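Report on the structure given below.
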Amino acid sequence: MLMFTDYVEKIHSAILKEIPDFSMSELVVGQPGHGDISARLIRYLIKKENSLIISERISKDIKNLDFVQDATLENNYLNIRIRPSFIFNAIKETIDATGAFPDVFQDPERVSVEHTSTNPTGPLHIGRARNSVIGDSLARLKKRVGYRVTTQYYVNDSGKQMMSLYLGYEKFHKGEKPTVELLLDGYIKTYKYFEEVGSEKEVEDLMERYERNDADLISSVRKIAAIMLDGISRDLSTIGIKVDDYTWESAFMITGETGVVMQKLSPYLHDEDGAKYVDIPGLRKVFVQRGNGTSLYVTRDIAYHMYKFSQYDQCMVVLGEDHKEHTKSLAYIMKELLGYNNELSFVFYAYVNLESGKMSTRQGNSIPMISVYERLREKSLEELKKRYGEEADPSTADKMASSSFRYHLLKYNPSKPITFRWEDALDFNGETALFIMYSMVRASSILKKVETSVNEISMEGISESEKELLLNLYLYPYRLTEASRNSKPEIIANYAYQLASKFTTFYESTKISEQPESIKKRQLELVKFFLKILEDSCEIIGIQKVEKL
RNA sequence: GGGCUCGUGGCCUAGUCUGGAUAAGGCACCGUCCUUCUAAGUCGGUGAUCGUGGGUCCGAAUCCCACCGGGCCCGCCA
């Protein structure tokens, strides 16, 4: 829960005295051009005879509030300007007292955010990385607003893909030291081989053995999976992502949890040639057990969610949009058939495509996340060398690459497909992480170089660009709330850019070092607020702080 | 064929949930600004009947219907 001085709430209360059913959503905050907060009155006044009198009365009430500078009626909008000193102090008091704006109150709710969970059959490619980037930012966002968050990776080490990976190693590289490259090569060859012989029997046999708890096989497969998973975890760590919990899917088979699931579902099971399924209204049959008695993805996923529900109040899962149908079945089974009331929600994202079409690990035409990162890093270092020559700091290049990569995949609405283009990914101009980092550097630089001896802060002669910046800083808790409520970390990505942009406008219009002392003091404070809040939002979206660019 | 989803200047996007004041940015293009806290930047300009056609409404990019185009799903795969 976020704690801050909420002027919107105060205005809302004031309007409620005249219009008892006035909705909070009719208060528009931070829309440029029309006042800091605008009250949309039209809906409530349109049918009323005495609308003019009511709106005048509201206007008068609002003007009487101590924090309101001015309120004007235009086209059934009441445009309200807040006194800059009140916004300034609202931010300053919270930062001085707690070191952050807004302050946060720890929520007792335990939240699990599951992301990535890609089959360990190859290195992380940029499509899957979209999942990781969204998921990690979502987790950080939920944490920021006060939830107790744990991130989860569900390791699929028991399905068909995994068995094919194992088979590929056994068939094409047995005896060699298993590496990511070697395993991947075997995996691709195996799928080609299936096509050639027109049968997948070999892998089906493996799956059956696996589910019958063949200890040797399970341990061999896990060894192979662990090699791939290590690679994926390493890739994730280069972009600052660390997962708290890894849960191995095979665990639910070994411990017999899938059997428990079948037992609990038994009243709802139907039979079709020995295979078991449940009927879901509006959807089709959902099979939970094969004819040969082995379990299916849904079954194991149910077991996994039973486990998660025992530990968390709320479970969120980031998934590719192709899993939508699956999650409908899962949600129905968990709630309606098994009676769980824990909150279960999903964030779906559309795939990242190439200009040449889709990516596929099996077909070997995917772009590994790490190669994009490396290119970004090279370009960053190159640019740094242009500016600093041999003094260029390689660790800055790491931060530029990681931040750029994450921002590029996060800033879009997840439901929109992305076409990956190298020229876009490697662009450092415009709406990019670099612009945001650059504004951070400029602010840090001011704080290092400009000083003032006075303590009194004057609001005199505050400019439009300063007011704009101040207002946008104040908007942060509203954006956080909106982003968290809708599980949309991209709102914070857009906010950070907008904030950086407001700062840049202010920066270009004012030479702080040349201002009279009491104004300089105010502006230095403003720069401090900016840096504090920008860093706060950047922490969520994975943009790292640098001192020099 | 059925279901879901996306369609906003030449290109990439925000806004759509919760309808409301001149549709907000970036890239590219044209012009402007570095002896002054970092020009990866600034300021200004050109450029959009918000896929199409209907409907609801005082009011539609936003809601409803139909159609067109792209993506995804419709396995005893995951």
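Computed from a predicted structure; not experimentally measured. Convention: sequence-line order gives letters A, B, ...; per-chain numbering from 1.
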What contact category does [X] fall into here, base, sugar-phosphate, or nothing, at under 4.0 angstrom with non-hydrogen atoms?
{"X": "Glu383(A)", "result": "base"}
{"X": "Tyr412(A)", "result": "sugar-phosphate"}
{"X": "Asn413(A)", "result": "sugar-phosphate"}
{"X": "Gln31(A)", "result": "base"}
{"X": "Met440(A)", "result": "nothing"}
{"X": "Tyr497(A)", "result": "sugar-phosphate"}
{"X": "Lys358(A)", "result": "sugar-phosphate"}
{"X": "Asn353(A)", "result": "nothing"}

Base-pair map of RNA chain B as dot-bracket, where | denotes pairing with a different strand and pairs are Watson-Crick or G-U under 3.5 Å: (((((((..((((......[...)))).(((.(.......).))).....(((((..]....))))))))))))....
Rounded [atom1] spacing from [N] to [M] in Å:
{"N": "G75(B)", "M": "C29(B)", "atom1": "P", "value": "49 Å"}
{"N": "C6(B)", "M": "U13(B)", "atom1": "P", "value": "13 Å"}
{"N": "U8(B)", "M": "G71(B)", "atom1": "P", "value": "15 Å"}
{"N": "G1(B)", "M": "C11(B)", "atom1": "C1'", "value": "35 Å"}
{"N": "U42(B)", "M": "A48(B)", "atom1": "C1'", "value": "26 Å"}
{"N": "U46(B)", "M": "G10(B)", "atom1": "C1'", "value": "12 Å"}
{"N": "G51(B)", "M": "G44(B)", "atom1": "C1'", "value": "32 Å"}
{"N": "A24(B)", "M": "U62(B)", "atom1": "C1'", "value": "15 Å"}

Residue Leu549(A), side-chain heavy atoms: nucleotide from G71(B), A40(B), C76(B) that is nearest: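 Closest of the options to the side chain of Leu549(A): A40(B).
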Which nucleotide in C27(B), C72(B), A21(B) has an atom nearest any side-chain atom of Asp427(A): C27(B)
Counting just side-chain N and O atoms, does [X] come under 4.0 Å of either OP1 or OP2 of [N]?
{"X": "Lys416(A)", "N": "U5(B)", "answer": "no"}
{"X": "Lys328(A)", "N": "G3(B)", "answer": "no"}
{"X": "Ser513(A)", "N": "U36(B)", "answer": "no"}
{"X": "Arg284(A)", "N": "G3(B)", "answer": "no"}
{"X": "Arg421(A)", "N": "C27(B)", "answer": "no"}
{"X": "Arg300(A)", "N": "A78(B)", "answer": "yes"}

Interatomic distance where [atom1] belongs to [X] and [atom2] belongs to [N] [whole Å]:
{"X": "Ile446(A)", "N": "G41(B)", "atom1": "CD1", "atom2": "P", "answer": "17 Å"}
{"X": "Leu27(A)", "N": "G20(B)", "atom1": "CG", "atom2": "C1'", "answer": "14 Å"}
{"X": "Lys488(A)", "N": "U18(B)", "atom1": "NZ", "atom2": "C1'", "answer": "12 Å"}
{"X": "His12(A)", "N": "U18(B)", "atom1": "NE2", "atom2": "C1'", "answer": "13 Å"}
{"X": "Glu508(A)", "N": "G41(B)", "atom1": "CD", "atom2": "P", "answer": "10 Å"}
{"X": "Asn472(A)", "N": "G25(B)", "atom1": "CG", "atom2": "P", "answer": "12 Å"}
{"X": "Phe287(A)", "N": "C76(B)", "atom1": "CZ", "atom2": "P", "answer": "5 Å"}
{"X": "Tyr304(A)", "N": "A78(B)", "atom1": "OH", "atom2": "P", "answer": "17 Å"}

In terms of ring plane angle, is the pair [X] and [Y] parallel, tilted or perpendicular, where the classes change at 30° and 60°?
{"X": "Tyr277(A)", "Y": "Phe287(A)", "answer": "tilted"}
{"X": "Phe420(A)", "Y": "His408(A)", "answer": "perpendicular"}
{"X": "Tyr44(A)", "Y": "Phe22(A)", "answer": "tilted"}
{"X": "Phe503(A)", "Y": "Phe530(A)", "answer": "parallel"}

Candidates Asn156(A), Val155(A), Asp157(A) - the one meeting side chain to side chain contact (heavy atoms under 4.5 Å, CB included) with Ser250(A):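 Exactly one candidate clears the test, Asp157(A).
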Under 4.5 Å between any side-chain heavy atoms of [X] and [Y], yes or no?
{"X": "Ser158(A)", "Y": "Trp248(A)", "answer": "no"}
{"X": "Asn353(A)", "Y": "Met359(A)", "answer": "no"}
{"X": "Arg375(A)", "Y": "Leu426(A)", "answer": "yes"}
{"X": "Ser38(A)", "Y": "Ile80(A)", "answer": "no"}

Of Glu325(A) and Glu272(A), the one whose closest RNA chain B nucleotide lies more 5':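 The residue mapped nearer the 5' terminus is Glu325(A).
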Closest-nucleotide ordering on RNA chain B, the 5'-leading residue of Met207(A) and Met400(A):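 Taking each residue's closest nucleotide, the earlier one in sequence belongs to Met400(A).
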Check: Leu549(A) main-chain N/O paired with Tyr388(A) side-chain donor or acceptor under 3.5 Å: yes
Test item: Arg130(A) side-chain N/O and Leu410(A) main-chain N/O as donor-acceptor pair under 3.5 Å: no
A78(B) base stacked by His326(A) (centroids within less than 5.5 Å, tilt under 30°): no
Asn79(A) (side chain) and A21(B) (base): donor-acceptor pair under 3.5 Å: yes
Donor-acceptor pair (no angle test) under 3.5 Å: Arg387(A) side chain, A40(B) base: yes
Syn-anti status, with the boundary at 90° from 0, for the nucleotide C17(B):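 Here C17(B) takes the anti form, which means its glycosidic angle is more than 90° from 0.
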Protein-to-nucleotide contact annotation, 5' to 3' order, nucleotides 57-62 of chain B [B base; S sugar-phosphate only; - none; under 4.0 Å, heavy atom]: -B----
Geometric cation-pi criterion Lys358(A) and Tyr351(A), 6.0 Å radius, 45° cone: no
Cation-pi geometry met for Lys324(A) and Phe346(A) (6.0 Å, 45°): no
Residue-level proximity of residues 428-439 of chain A to RNA chain B when a heavy atom falls under 4.0 Å: Phe428(A), Asn429(A), Gly430(A), Glu431(A), Leu434(A), Phe435(A), Tyr438(A)
